[in-house]
**Student:** 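Below you will find the structure I want to go over with you.
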Amino acid sequence: MLIDFLQYPFLRYTFLTGILIGLIAPLLGTFIVVRRLSLIADALSHVTLAGIAFGLMAEKKFGLMLSPIYSGMAFSVAGSVLIEKLRTVYKAYQEIAIPIILSAGVGLSVIFISIADGFNNDLFNYLFGSVSAVSQNDFISILIISIIVVSIIILFYKELFSLSFDEEQSVISGLHAKWIHLLFIVLTALVIAASIRIVGVLLVSALMTLPVAASMRLAKGFKQMILYSVIFGELSVILGIISGYYLDIPPGGTIVMIAIIILLVAIGVKKLQSK
């Protein structure tokens, strides 16, 4: 079953990229869910869609060779910075920053897609993921992002852990919460933009939250929750990519449905344990 993925270069890059995404998406997702910021993934995925649509529009209308992935990353990072800025503006209602940026992302996406004369096959692949869309350059970019994400999580683990569970005490103790917040949300933006090739814009937030939701039912500590999240994320991505290829459907949907099945199994196991 895996022979095709090892034999053909484009499938090999897709498979290796999926493994990387299965690691970094749930890894960051664990901190996102614990901090109750799950909707950030949705907001940034829609902003990323605006960036991708802008890249496609620039290429089609103006002949600019602007890679949609990189324009998507640029928009996503800009959106993450704006979310942090808005959180400081609305200090008593910080969560309102997320729907504001989400709405802006949707609005810009509609405008850019309309100017680019509507949907095409490339945009469809970005929306739902594609087994054949990952190039060698995409893989290298995602590998670099993965190394950066894992390195920063290791270096700033204590700070991120402290902010996730007791932000007020962390600030009082002298932790530079503002910069840690900004660093974290920029990383989230990069991971979302990187994951879109495989999972798709509309489903990428699920990969950051569903494995975490399943691990929360089984884990006995935060580090164990991270470990289970990554395992469930890898299972979802690997099985989803293989199923998507052999069933000739976008892998994003199969990845999410496998993650849902894992979540239901975890809930069932927890109920059996509690009896």
Side-chain angles (χ1 to χ4, degrees), residues 1-2 5 14-42 44-45 128-129 131 134 142-143 145-147 149-150 152-154 157 160-161 164-165 184 187-188 190-247 249-274:
M1 185 175 287
L2 290 175
F5 285 87
T14 298
F15 190 72
L16 293 174
T17 298
I19 290 174
L20 292 174
I21 291 170
L23 167 66
I24 59 176
L27 180 61
L28 272 181
T30 305
F31 293 95
I32 289 173
V33 171
V34 168
R35 295 175 67 183
R36 299 181 181 180
L37 296 174
S38 301
L39 285 177
I40 277 183
D42 278 314
L44 292 179
S45 66
F128 302 105
V131 173
V134 181
I142 293 168
L143 177 61
I145 290 172
S146 300
I147 292 171
V149 168
V150 173
I152 289 178
I153 292 292
I154 292 172
Y157 176 79
L160 289 170
F161 179 85
S164 297
F165 287 96
F184 177 78
L187 284 180
T188 303
L190 289 174
V191 169
I192 288 171
S195 303
I196 279 171
R197 276 293 202 190
I198 299 291
V199 190
V201 169
L202 300 181
L203 302 171
V204 65
S205 61
L207 187 58
M208 302 189 80
T209 54
L210 291 177
V212 181
S215 69
M216 291 175 74
R217 304 306 302 162
L218 303 175
K220 297 180 180 178
F222 187 69
K223 288 185 178 179
Q224 194 176 73
M225 187 166 79
I226 291 176
L227 176 62
Y228 286 173
S229 296
V230 171
I231 291 173
F232 295 153
E234 293 287 13
L235 280 173
S236 301
V237 170
I238 292 171
L239 294 176
I241 289 175
I242 294 172
S243 301
Y245 173 69
Y246 285 105
L247 296 174
I249 56 177
T254 53
I255 289 171
V256 171
M257 292 314 300
I258 290 169
I260 289 285
I261 292 170
I262 292 172
L263 173 60
L264 294 174
V265 170
I267 292 172
V269 169
K270 183 65 177 179
K271 284 187 175 180
L272 289 175
Q273 289 177 345
S274 62

**Student:** L203 and L207: side chain to side chain contact (heavy atoms under 4.5 Å, CB included), yes or no, with the steps?
**Tutor:** CA-CA 7 Å; L203 302 171; L207 187 58; over 6 Å; no

**Student:** Do the side chains of F232 and L263 get nearer than 4.5 Å, heavy atoms only?
**Tutor:**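 In short, these two side chains do not touch, never coming nearer than 4.5 Å.
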
**Student:** Could you check if a side-chain atom of I241 sits within less than 4.5 angstrom of a side-chain atom of Y246, using non-hydrogen atoms only?
**Tutor:**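 They are not in side-chain contact.
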
**Student:** Between Y245 and F15, does the ring centre distance come in under 6.0 Å?
**Tutor:**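 No - the distance between ring centres of Y245 and F15 does not fall below the 6.0 Å cut-off.
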
**Student:** Nearest 0.5 Å please: distance from the OG atom of S195 over to the CG atom of L190.
**Tutor:**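 So the OG of S195 and the CG of L190 are separated by 10.5 Å.
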
**Student:** Can you confirm whether I24 sits close enough to L20 that some side-chain heavy atom of one is under 4.5 Å from a side-chain heavy atom of the other?
**Tutor:**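 Sidechains of L20 and I24: no contact.
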
**Student:** First locate atom CG of L28, then atom CD1 of I152, and finally report the distance between them rounded to the nearest 0.5 Å.
**Tutor:**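 L28 atom CG to I152 atom CD1 measures 9.5 Å (nearest 0.5 Å).
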
**Student:** Does any part of the side chain of I154, heavy atoms only, come nearer than 4.5 Å to the side chain of V150, both counted from C-beta?
**Tutor:**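 The answer is yes, as the side chains (C-beta and beyond) meet within the 4.5 Å cut-off.
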
**Student:** Just verifying a value: how many Å separate L210 CG and I261 CD1, rounded to the nearest 0.5 Å?
**Tutor:**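 Spacing of CG (L210) from CD1 (I261) equals 11.5 Å.
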
**Student:** Scan residues 202-225 for pairs that pass side chain to side chain donor-acceptor pair (under 3.5 Å), counting only residues two or more places apart or in two chains.
**Tutor:**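 Sorted result for residues 202-225: D42-S205, S215-S229.
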
**Student:** Assess whether side chain to side chain contact (heavy atoms under 4.5 Å, CB included) is satisfied between V212 and Y228, documenting all intermediate values.
**Tutor:** CA-CA 8 Å; V212 181; Y228 286 173; over 6 Å; no

**Student:** Is there side-chain contact between F222 and V34, with at least one heavy-atom pair below 4.5 Å?
**Tutor:**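 Contact flag for F222/V34 side chains = yes.
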
**Student:** To the nearest 0.5 Å, how far apart are CG in L272 and CD1 in I267?
**Tutor:**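 Going from CG on L272 over to CD1 on I267, the span is 12.0 Å.
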
**Student:** Within a strict 4.5 Å, meaning less than it, do heavy atoms of the I40 and F184 side chains meet?
**Tutor:**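 Heavy-atom side-chain distance check fails, nothing below 4.5 Å.
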
**Student:** For the residue pair A266 and A214, what are the closest heavy atoms and their distance?
**Tutor:**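 Looks like CB-O, 3.6 Å.
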
**Student:** Which heavy-atom pair separates A206 from V256 by the least distance, and what is that distance?
**Tutor:**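 Scanning both residues completely, I find the closest heavy atoms to be CB-CG2, 3.8 Å.
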
**Student:** Rounded to the nearest 0.5 Å, how far apart are CG of L37 and CD1 of I32?
**Tutor:**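 It is 7.5 Å, given to the nearest 0.5 Å.
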
**Student:** Please report the closest heavy-atom contact between I19 and V237, naming both atoms and the distance.
**Tutor:**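 Looks like N-CG1, 4.4 Å.
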
**Student:** Could you tell me if the side chain of T30 sits less than 4.5 Å from the side chain of M208, heavy atoms only?
**Tutor:**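 Side chain of M208 against side chain of T30, heavy atoms only: no contact under 4.5 Å found.
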
**Student:** Is the closest side-chain heavy-atom distance between L235 and I262 below 4.5 Å?
**Tutor:**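 Yes, at least one pair of side-chain atoms sits under 4.5 Å.
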
**Student:** Counting only N and O atoms by type, is there a donor-acceptor contact under 3.5 Å from the side chain of T254 to the main-chain atoms of P251?
**Tutor:**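 Here the side-chain-to-backbone pair exists.
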
**Student:** Step by step, would you call I21 with V204 a side chain to side chain contact (heavy atoms under 4.5 Å, CB included)?
**Tutor:** CA-CA 10 Å; I21 291 170; V204 65; over 6 Å; no

